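This is the structure, below, for whatever I ask next.
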Amino acid sequence: MNRYAISTPEGTRDRLFEAAGLFRQNERRIRAALEARGYEEVITPSIEYYEVFQQADSSISQESMYMMTDRNGRLVVMRPDNTVPIARVVSTKLDEEALPLRLSYMQKVHRARHANGGHSTEIMQGGAELLGAAGQMADLDILTAAFEALEAVGGKNFRIELGHAGIYRALIRSLDIDREGAETIRRLIENKTYAALSDALEPFKDQEAYHALLAMPTLFGGSEVLEEAKSLTSNQKVLKAVDYLKDLMDAIAAAGFADNVMIDLGLVHGMDYYTGIMFCGYVGGAGSTVLQGGRYDHLCAKFGRDIPAAGFAVDIEALPTGKPESRAVDELVFCKPENLKDALTYVHCAPGAELAPCDTKEQAMAVAAKKGCGTLVVLTDGGIEKLEVKA
């Protein structure tokens with residue numbers, strides 16, 4: 001038999017029983033946390049025109065998109081990102097809605113990966129977008145929503161690393177460097193490749209930005225690293241961003257999340273996308289980042305509506321596995337077709353009751369024994385009879 005007829009594509013997988021239960025459980029918890037904060041769910045198409053992402057100047061490469069043509073020959077893609085389509089919706093269909101808008105989503109993105117890379121190509125994301133609000137309180141709003149989303153799936157055992165896109169951007173722009181060179185330095189900072197970073201910055205050793213850029217991968221920890229960053233530069237844009245992070249950290253501490261947040265000035269991914277704060281999140285038991293987010297004030301303008309925005313996405317795929325909440329079946333309910341209405345009423349009202357898909361009482365008793373039920377409930381015109389199930 002052809003192996004492709006019985007297997008799943010690279011980067012995808014089947015989820016069965018407990019794995020599916022845990023997956024949906026995490027979805028429900030994140031959705032509930034966001035609903036409690038006033039974020040309303042939207043659903044966008046799983047297929048978008050390629051021009052949507054081209055218009056957004058998306059940092060997602062063509063090579064990582066699943067592309068096809070529709071029946072009219074137009075190039076379409078499987079949705080590789082959730083934020084860009086939401087920016088499209090906000091700019092074209094919600095322009096009459098009062099700002100700020102709080103939108104959430106629970107839907108998949110599809111990204112092609114290198115073969116045998118071990119990465120998922122079908123990723124379920126639960127996220128939130130706060131659109132039409134800027135400033136410190138807006139950033140605290142989206143940050144605390146992220147805290148609560150992680151707390152919903154990981155308890156108090158979560159951590160957020162917080163940075164600012166303006167710091168790297170101001171430093172690199174002070175150098176006489178082309179785009180390719182800037183991208184090389186950004187990537188080395190992101191990967192914390194110290195030796196190679198030192199080599200790449202060697203031509204700029206006499207410039208003030210050299211020391212700050214070289215130190216960025218090491219500027220990780222509490223608010224004390226912000227003071228260290230200020231000692232490395234006199235760049236006013238950098239100092240302004242650092243002071244802003246200090247104010248955020250003070251407010252976060254006052255809100256009771258001091259132990260959950262760290263500063264990471266080496267957080268420089270997606271630099272073309274973010275315009276202010278950037279953050280990523282972790283939960284205990286997960287081996288990689290489970291949340292990414294930040295401020296992206298210029299995206300909606302690409303679609304004709306210039307409003308500030310910030311958001312985050314939780315990678316449901318990356319959350320740790322465990323034991324899902326289970327619904328114990330204590331009673332199996334048997335009835336004849338004419339008593340189905342009463343049986344359904346009983347099942348809906350009695351926690352731990354389940355309808356027996358059986359035509360005879362003997363079949364129902366056998367099923368109840370296999371499922372470990374303690375009681376077989378028999379509904380007839382004469383009333384209810386409860387029988388003990390013997391193992």
Side-chain angles (χ1 to χ4, degrees), residues 8-9 11-48 66 78-87 89-90 101-111 113 118-131 141-160 260 279-294 310-329 348 351-352 354:
T8 65
T12 67
R13 58 176 169 155
D14 298 313
R15 286 184 176 80
L16 307 178
F17 311 125
E18 286 192 357
L22 181 65
F23 190 77
R24 295 304 186 196
Q25 174 180 294
N26 286 332
E27 286 184 3
R28 290 193 299 271
R29 289 176 174 178
I30 291 171
R31 181 181 280 112
L34 296 180
E35 286 179 352
R37 288 292 299 270
Y39 287 84
E40 296 184 88
E41 187 171 7
V42 295
I43 301 172
T44 64
S46 58
I47 299 175
E48 294 267 3
Y66 286 102
M78 297 292 289
R79 180 180 54 226
D81 174 81
N82 279 310
T83 302
V84 169
I86 288 177
V89 169
V90 168
L101 286 169
R102 298 176 186 272
L103 304 181
S104 67
Y105 55 85
M106 188 68 67
Q107 56 190 25
K108 293 179 180 178
V109 296
H110 303 266
R111 295 180 186 172
R113 311 280 190 172
H119 299 289
S120 295
T121 58
E122 182 184 50
I123 306 163
M124 178 65 81
Q125 292 183 340
E129 313 291 346
L130 178 61
L131 304 112
D141 191 310
I142 199 67
L143 276 168
T144 52
F147 299 166
E148 290 167 16
L150 290 185
E151 191 170 359
V153 293
K156 298 293 185 180
N157 189 21
F158 73 88
R159 187 182 79 230
I160 290 282
N260 299 103
F279 51 94
C280 61
Y282 303 83
V283 294
S288 60
T289 305
V290 301
L291 178 149
Q292 289 191 349
F312 66 85
V314 180
D315 182 351
I316 309 292
E317 312 282 337
L319 293 173
T321 57
K323 194 76 173 176
E325 297 168 348
S326 59
R327 178 180 179 271
V329 181
H348 292 155
E354 186 177 284

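All values derive from a computational prediction rather than experimental measurement. All values below come from the heavy atoms of this structure, side chains included, with hydrogens, waters and symmetry mates left out. Each residue takes its place number in the sequence, starting with 1.
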* Pick from L291, V314, L319, T289: which one makes a side chain to side chain contact (heavy atoms under 4.5 Å, CB included) with V283? -> L319
* Please list, chain by chain and in numerical order, all residues satisfying side chain to side chain contact (heavy atoms under 4.5 Å, CB included) with R37, sequence neighbours excluded. => Y39, D141, T144, A145, E148
* **Those residues that, when tested against T8, pass side chain to side chain contact (heavy atoms under 4.5 Å, CB included) (two or more places apart)** => T12, D14
Please tabulate, for the side chains in residues 121-128, all donor-acceptor contacts under 3.5 angstrom to protein atoms that are two or more places apart in sequence or on a different chain.
residue	atom	partner	partner atom	Å
T121	OG1	E10	O	3.1
T121	OG1	G11	O	3.4
E122	OE2	K108	NZ	3.2
Q125	OE1	N82	ND2	2.9

* Asked: Taking all non-hydrogen atoms of both residues, which atom of A20 and which atom of R15 are closest, and how far apart?
  -> CB-O, 3.8 Å
* Asked: Just checking, any donor-acceptor pair under 3.5 angstrom between side chains of T83 and E129?
  -> yes
* Can you name the residues that form a side chain to side chain donor-acceptor pair (under 3.5 Å) with R31, not counting sequence neighbours? -> E41
* **Separation between CZ of F279 and CG of L143, rounded to the nearest 0.5 Å** => 5.0 Å
* **Residue pair A149 / A33: nearest heavy atoms and the distance that separates them** => CA-CB, 4.2 Å
* To do: With sequence neighbours left out, write down each residue that passes salt bridge (Lys or Arg N to Asp or Glu O under 4.0 Å) with R79, or none if nothing qualifies.
  => none
* Run the side-chain contact (heavy atoms from CB on, under 4.5 Å) check on I30 and I316 step by step: do they pass? -> CA-CA 9 Å; I30 291 171; I316 309 292; 3.4 Å; yes
* Please report the closest heavy-atom contact between P85 and D81, naming both atoms and the distance. => CD-O, 3.2 Å
* Asked: Counting only heavy atoms not in R24, do more than 12 sit closer than 6.0 Å to its CZ atom?
  -> no
* Nearest 0.5 Å please: distance from the OG atom of S104 over to the CZ atom of F312. => 9.0 Å
* Please work out whether the ring planes of H110 and Y66 are parallel, tilted or perpendicular, with thresholds of 30° and 60°. => perpendicular
* Quick one: CZ on R102 to CD1 on I142, what's the gap to the nearest 0.5 Å? -> 8.0 Å
* What do the steps show when you test T44 against V89 for side-chain contact (heavy atoms from CB on, under 4.5 Å), and what is the final call? -> CA-CA 8 Å; T44 64; V89 169; 4.1 Å; yes
* When you measure from the side chain of N260 to the backbone N and O of K156, does any donor-acceptor pair fall under 3.5 Å? -> yes
* To do: For E40, enumerate each residue passing the salt bridge (Lys or Arg N to Asp or Glu O under 4.0 Å) test, keeping only those at least two apart in sequence or located in another chain.
  => none
* Asked: Any sub-3.5 Å donor-acceptor pair from R159's side-chain atoms to Y282's backbone N or O?
  -> no
